Structure formats: C-alpha cells, structure tokens
Amino acid sequence: MNATQQREYWLKVERLRRQLDIKYSSLFNAAIRKDLKQFASDLKEFGARGALSKMGSYAWSEDMMKIMNKLYKEAAVIFGNSVYRAIAINNQKASASMFNNEWVQKAVEFLVQYGFLLVSEMTQTTKAKLQDILAKGLDEGLSVDEIVKLILDDRENGYSAMRARRIVRTEVMRASNYASMLAADQHDFVVDKIWISRVDARTRRIPKDQYDHVSMNGQKVGWDEDFTSTGKKGDLVLSGFPGDPTTPAGFSINCRCTVGFEGRRDSNGRLIRKNK
C-alpha cells in the first residue's frame, strides 16, 4: 500500500465504524445512565456511606458486558467479510464474502480473555466519577437531593454521553481491528500488516502526548509480528494491532488507527503461499 491507498483504506474502514458508533453509543449511554441512577437511588435510600459501600461491591457492569458481546460479534461479521474480500480483490484471488462462524467464536473467546478486564476498567472509571461528584457535593454542603440532582442532570455534566462516545470509539476500533486480523489470516498466502494512522492535529504524538501514533503510520510487519513504538519516557510498546488490549490504556483509548494488509510476494512478484 502506498500513502494514498492507506488513506483510502482508512476512510473505508471509518465509514463502517461510524455505523457501529451510531448504533452502540446509545446502548453504552443507557448502561452508564443506569449505573448513575442506581447510585442516586442508593444515595437517597442509604445515605453517602451506605451508597459508597454498596458501590464498592460492583466490580463490573453486566449490562456493559452484554453490549460488548453483541458489538464484537457484529464487528466480526462486518469487518471480517470486508477485509477478507478486500485482500482477495487486491491480490486477484476469489473475492466472495462469507459469514464465518469461526470469526464470531474467536471474537467471543477474545472477550472471555479480555472483556472482563475492559468492562471492569469502564466500571471503575464511572465509580470514580460518582465518588468525585459525591465528595464535591459534601464539601459544598449540598443536601442528598441536591447531589442526586447533580448525578442525574446529564445536561449539566454530560458525563454519560461523553463516556459512551469514548467507549464506543475505542471498542469499535478494537473490535474492527481484531476482526480484520482474523479475516486476513484466512487466506492461503502470507500476509503482512500495516499500521495506518489518521494523521491530523488530533493524532497522538510526542511531546504533546505520552505515545506517538504519527511515527507509526505506514509501519509494516508480518501478520504474527508486533508493531513497535516508544513512549515519552522511553518505554517500549509492542502492539499486535491498533487497540491491542495488552498495550497501555493511554496508547489505545480513543485511538482511530486501523490495520491494513498486503500479500507478501517473492522476487518474481508472485504471492508467497503459507507452509502448511
């Protein structure tokens, strides 16, 4: 892929992502609002100490996990078929789309491995926000009813909508790239992967950010190799794909990067088949 092809590929992926962004933002927003309402109800019924104690027992949101499961299954089909077809066309191979139950199953397995950690982190972030609102309200001498109003007044703090946008942006990106990796591996020939960044004023870069995705743009490695990057503090980051859950949160949250693929060719320009 040259630079122009990479930009065009990113735009095609982004159009598909936006469809899921729109669909799942409302679902994540509703789940977050439900958590806010539950805490507000506990606050009114049990007071500050009781509400905090009850909140401490919630490690992760079951509603969030259900939404994640649905999202990853759908992404496996949409992006799996899209990438499989794109690679086939680019390399003049059979290009029929296919619904692959194996991709869906692997997406579920991915969530079994990482989903609880990801949802737990989302839950902890919401809990920290609620604790901040409560602490600030108590410091200002607000009543329980006044604090409850602050928690539920999303027009004032916009918290649930903002959180939903960040979560869906990150998880759609992560799910789409993971599904793309699954599809690329289905072909009989060797495939290299390419890190494609959306390079603009918002793209992560040093010294403004902790990590740098500008310098990663266009980096090409084998399908089973890691992309590499170095953080502001000199820390090495290895990433199997954009959104890899083993990377630091600051490296992947709100990331817009995607992974592209290219068939590897021999010195005669022929596709290299995998050794089976």
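Please read these numbers as outputs of a predicted model, since none were measured by experiment.
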Can you tell whether the side chains of [X] and [Y] come within less than 4.0 Å, N to carboxylate O?
| X | Y | answer |
| --- | --- | --- |
| D266 | R270 | yes |
| E225 | K193 | no |
| E171 | R174 | yes |
| D35 | K129 | no |
| K274 | D188 | no |
| R205 | D212 | no |

Is there a path of hydrophobic side-chain contacts, each under 4.5 Å between heavy atoms of I/L/V/M/F/W/Y residues, joining [Y] to [X]?
| X | Y | answer |
| --- | --- | --- |
| Y9 | L11 | yes |
| V221 | L182 | yes |
| L138 | L142 | yes |
| V190 | M181 | no |
| M65 | L117 | no |

Min side-chain heavy-atom separation [X]-[Y] under 4.5 Å:
| X | Y | result |
| --- | --- | --- |
| K44 | D145 | yes |
| K70 | Y24 | yes |
| L238 | F227 | no |
| M173 | P242 | yes |
| L20 | L16 | no |
| S239 | W195 | yes |
| K73 | V108 | yes |
| L130 | M55 | yes |

For [X] and [Y], indicate whether the former's side chain and the latter's backbone hold a donor-acceptor pair under 3.5 Å.
| X | Y | result |
| --- | --- | --- |
| T125 | E121 | yes |
| T203 | D200 | yes |
| Q113 | F110 | no |
| D63 | A31 | no |

Item to check | Chi angles and distances behind the side chain to side chain contact (heavy atoms under 4.5 Å, CB included) call for R166, I253 | outcome: CA-CA 8 Å; R166 175 171 289 186; I253 291 178; 3.8 Å; yes
Point-to-point distance, once rounded to the nearest 0.5 Å, from [atom1] of [X] to [atom2] of [Y]:
| X | Y | atom1 | atom2 | answer |
| --- | --- | --- | --- | --- |
| K220 | I196 | NZ | CD1 | 11.5 Å |
| M64 | M68 | CE | CE | 9.0 Å |
| I32 | M162 | CD1 | CE | 8.5 Å |
| L150 | L134 | CG | CG | 10.5 Å |
| S160 | F28 | OG | CZ | 13.5 Å |
| Y114 | L111 | OH | CG | 11.5 Å |

Which heavy atom of [X] sits nearest a heavy atom of [Y], and at what distance?
| X | Y | result |
| --- | --- | --- |
| A75 | S176 | CB-N, 4.4 Å |
| Y178 | A107 | CE2-CA, 4.1 Å |
| I67 | L27 | CD1-O, 3.3 Å |
| K232 | I206 | N-CD1, 3.5 Å |
| T170 | N254 | OG1-N, 2.8 Å |
| W10 | C257 | NE1-CA, 4.4 Å |

Checklist entry - Can you name the side chain to side chain donor-acceptor pair (under 3.5 Å) partners of K136, sequence neighbours left out? => result none
Item to check | Sequence-distant partners of T246, side chain to side chain donor-acceptor pair (under 3.5 Å), two or more places apart | outcome: D244
Next on the checklist: Working note: R198 + E14, criterion side chain to side chain contact (heavy atoms under 4.5 Å, CB included); need CA distance, chi angles, decisive distance, verdict.
Outcome noted: CA-CA 10 Å; R198 172 60 168 171; E14 185 65 9; over 6 Å; no
Checklist entry - Y84 vs H187 aromatic rings, parallel, tilted or perpendicular, using cut-offs 30° and 60°? => result parallel
Next on the checklist: In terms of relative ring orientation, are Y211 and F251 parallel, tilted or perpendicular, with 30° and 60° separating the classes?
Outcome noted: perpendicular
Checklist entry - side chain to side chain contact (heavy atoms under 4.5 Å, CB included) between E146 and S143: does it pass, once the steps are laid out? => result CA-CA 5 Å; E146 289 172 324; S143 67; 3.2 Å; yes
Item to check | CA sep, side-chain torsions, deciding dist, call: T258, N177, side-chain hydrogen bond (donor to acceptor under 3.5 Å, both in side chains) | outcome: CA-CA 6 Å; T258 192; N177 284 319; 3.2 Å; yes
Next on the checklist: side chain to side chain contact (heavy atoms under 4.5 Å, CB included) for W223 and D192? Distances and angles first, verdict last.
Outcome noted: CA-CA 5 Å; W223 182 92; D192 290 326; over 6 Å; no
Next on the checklist: Hydrogens and angles aside, do Q38 and D42 bring a side-chain donor and acceptor to less than 3.5 Å of each other?
Outcome noted: yes
For atom [atom1] of [X], is the number of surrounding heavy atoms from other residues, nucleotides or ligands below 6.0 Å larger than 12?
| X | atom1 | result |
| --- | --- | --- |
| K233 | NZ | no |
| K12 | NZ | no |
| E140 | CD | yes |

